[in-house]
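Worksheet: one structure, shown below.
In what follows, every heavy atom counts, from backbone to side chain, and hydrogens, waters and symmetry copies are set aside.
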Amino acid sequence: MTALALLGGSPLRTRPFRTWPQFDQAEFDALADVLNSRRWGGIHSGSQGESFETELAAYLQVPHAAVVSSGTAGLMIALRALGVRPGDEVVVPAMTYVATATAVSLLGGVPVFVDIDSATHTIDSSAVKAAISEKTKAIIAVHLGGHPADMDGLGAVADTYGIPIIEDCAQSLGAAWNGCQTGSLGTIGVFSFASTKNITAGEGGAVVTHDDELAARIASLRDHGRPPGGGSDHPQLGWNLRLSEFQSAILRVQLARLKDHLTVKDEGAAYLASELYSVPGLRPVPVPTDLDPRVTAHGRFSFAFTFDSEAFGGEETGCTSVSVFRAALRAEGIPVLGRDLAACPDEPIYADATSRDYSSSRTASATQARAACARLVLLGQAAGSGLLFEESAELADVVRAVEKIHENRCHLSREQRQPGRIHV
């Protein structure tokens, strides 16, 4: 039996996997074009921003798209455009990046945390229904990891109570539900183009909608409250949340290759899901055989699986924690998100009343979210890696590393029980 690298053995893999973000000469050429134009920012006719908005709207099959400075900015704009004010409640999943909730808090609203579906880790429509109150002004559906939320179930709840849905598509560009792109299914869709996202300019975002009146409000809110098309008057309060021409130019290039990227990543994820499913204690999210047929395209942001320490270690060997398992993977040369995850209601800003920035919230349900955060292992862009772009011959090292850890689980569990022997 070969010793684990975490316990002093040789790592299984020493050469790096592909990196993320991916780029080529096209990005250099696009940036040079903006430099030479000497029009590097602002909102104007014929701009890179305007062109990217047109191309993104066509891709998503929506009539309106507005580029903004970040996905978080996009969420704030969407909430304000829908009239969310201090004291209003907005239903959000208990498992998501904290910005989904803090966008509500920054406007003085109250995020109401609801549980997730254990199979997909997306918001549970039945939990949403149970959390609705007379103060509820919006529902935010997060398509986590590129997997679309149940938009049929959420749509039924929204229609029953007359509440708009904001789609948080930060991780799902390219995903589709019943043949429709995420972002086009709710009242407003919000995208992020930060460093780990499916297309990226380092930062940036977009807000999309079918509604003409909302579109005008969104365009105004991101540009100091000026009416769409510019002008010197400011009829409403707005922010400066515009995107630069450099970022828009890069995003145009990246959008053009998105389809090819998603195809390659889907193949890599399918290989990993098939190979790792047989390892005791590991469960891909979602399990390939359980994939909802209404998910007609996955926005393959990452590859996720849950780690059951008891099933992985077995009663005779004791339990290996998920943090130690992740550390063992990294030591073998497999890039994996290293930090522990926390459910949103357990973030200090919402859980610690002594925090300087403590913010009001309400937790309706979070049992499944907390359990998932305690078991989740993330590969791919979530870990800042282009690993999913590799062919199966390279991805086989991921499988071998997992198998190596499983074979050494007795040693790993024993070392873990001795304080200070393992650093995670």
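Within the 4.5 Å cutoff, the side chain of Pro335 has heavy atoms near those of the Leu387 side chain. Side-chain atoms of His143 and Pro148, non-hydrogen and from C-beta on, do get closer than 4.5 Å to each other. Side-chain atoms of Phe303 and Leu276, non-hydrogen and from C-beta on, do get closer than 4.5 Å to each other. You'll find the side chain of Leu379 reaches within 4.5 Å of the side chain of Val336, heavy atoms only. When side chains are defined from C-beta on, Arg400 does not count as touching Glu275, because their heavy atoms never get closer than 4.5 Å. With contacts defined as side-chain heavy-atom distances shorter than 4.5 Å, the pair Phe312/Leu412 does not qualify. The closest side-chain heavy-atom distance from Ser125 to Leu154 is below 4.5 Å. The shortest side-chain heavy-atom distance between Leu329 and Val402 falls under the 4.5 Å cut-off.
Rounding to the nearest 0.5 Å places CH2 of Trp20 at 7.5 Å from OG1 of Thr200. From Leu31, atom CG reaches atom CD1 of Ile250 across 4.0 Å, with rounding to the nearest 0.5 Å. Taking CG from Asn240 and CG from Leu221, the interatomic distance works out to 12.5 Å, rounded to the nearest 0.5 Å. Atoms CG and CZ, from Leu376 and Arg326 in turn, are 8.0 Å apart once rounded to the nearest 0.5 Å. Atom-to-atom distance recorded for Met95:CE and Asp115:CG is 10.5 Å, nearest 0.5 angstrom. Here Arg300 contributes atom CZ and Glu267 contributes atom CD; the two are 11.5 Å apart, rounded to the nearest 0.5 Å.
Looking at residues two or more places apart in sequence or on another chain, you find a side chain to side chain donor-acceptor pair (under 3.5 Å) between Ser105 and Tyr350, Ser359. The salt bridge (Lys or Arg N to Asp or Glu O under 4.0 Å) check on Glu332 picks up Lys404, with sequence neighbours excluded. Applying the side chain to side chain donor-acceptor pair (under 3.5 Å) rule to Asp211 yields no partners; only residues at least two apart in sequence or on another chain are considered. With sequence neighbours left out, the ring-ring contact (aromatic ring centres under 6.0 Å, His included) criterion links Trp239 to no other residue. Residues forming a salt bridge (Lys or Arg N to Asp or Glu O under 4.0 Å) with Asp24 (at least two apart in sequence, or on another chain): Arg257. In this structure Arg252 satisfies the salt bridge (Lys or Arg N to Asp or Glu O under 4.0 Å) test together with Glu55, sequence neighbours excluded. In terms of the side chain to side chain donor-acceptor pair (under 3.5 Å) criterion, residue partners of Asp117 (sequence neighbours excluded) are, by chain and number, Thr120. Looking at residues two or more places apart in sequence or on another chain, you find a side chain to side chain donor-acceptor pair (under 3.5 Å) between Asp346 and Arg370. Residues meeting the salt bridge (Lys or Arg N to Asp or Glu O under 4.0 Å) test with Glu203, sequence neighbours left out: none.
Atom OH of Tyr59 has more than 12 neighbouring heavy atoms from other residues, nucleotides or ligands inside a 6.0 Å radius.
Arg222 contributes no side-chain N or O that, together with a main-chain N or O of Val68, makes up a donor-acceptor pair within less than 3.5 Å. Side-chain N or O atoms of Glu245 include one that pairs as donor or acceptor with a backbone N or O of Gln48 at under 3.5 Å. Between the Asn198 side chain and the Leu173 main chain, a donor and an acceptor come within less than 3.5 Å of each other. The closest donor-acceptor contact from the side chain of Arg362 to the backbone of Ala131 lies under 3.5 Å. Remark: side-chain polar atoms of Ser385 are not paired, donor with acceptor, to backbone N or O of Gly380 under 3.5 angstrom. Listed for the Arg409 side chain is a donor-acceptor partner under 3.5 Å among the backbone atoms of His406. Side-chain atoms of Ser184 come within 3.5 Å of backbone N or O of Gln181 as a donor-acceptor pair. Of the possible polar contacts, one joining the Ser51 side chain to the Ser47 backbone as a donor-acceptor pair under 3.5 Å is found. Within the 3.5 Å criterion, the main-chain N or O of Ser365 finds no donor-acceptor partner in the side chain of Thr363. Listed for the Ser37 side chain is a donor-acceptor partner under 3.5 Å among the backbone atoms of Arg39.
For the side chain to side chain contact (heavy atoms under 4.5 Å, CB included) criterion with Ser248, the lone passing option out of Leu56, Leu243, Val34 is Leu243.
Nearest heavy atoms, Ala119 versus Arg283: CA-NH2, 3.4 Å. The shortest non-hydrogen separation linking Leu75 to Ala99 is CD1-O, 3.9 Å. Contact detail for Leu341 and Cys373: the closest heavy-atom pair is O-CB, 3.7 Å. For the residue pair Leu6 and Ala327, the shortest heavy atom distance occurs at CD1-O, 4.1 Å.
Salt bridge status for Asp308 with Arg375: absent, with no side-chain N to carboxylate O gap under 4.0 Å.
Applying the ring pair (Phe, Tyr, Trp, His ring centres under 6.0 Å) test to residues at least two apart or on different chains, the pairs with a partner in residues 243-268 are Trp40-Phe246, His261-Phe389. Applying the ring pair (Phe, Tyr, Trp, His ring centres under 6.0 Å) test to every pair with at least one member in residues 271-298, sequence neighbours left out, gives these pairs: His147-His298. The list of ring pair (Phe, Tyr, Trp, His ring centres under 6.0 Å) pairs with a residue in residues 169-211, not counting sequence neighbours, reads Phe52-Phe193.
No hydrogens or angles considered: nothing links the side chains of Asp357 and Ser355 as a donor-acceptor pair under 3.5 Å.
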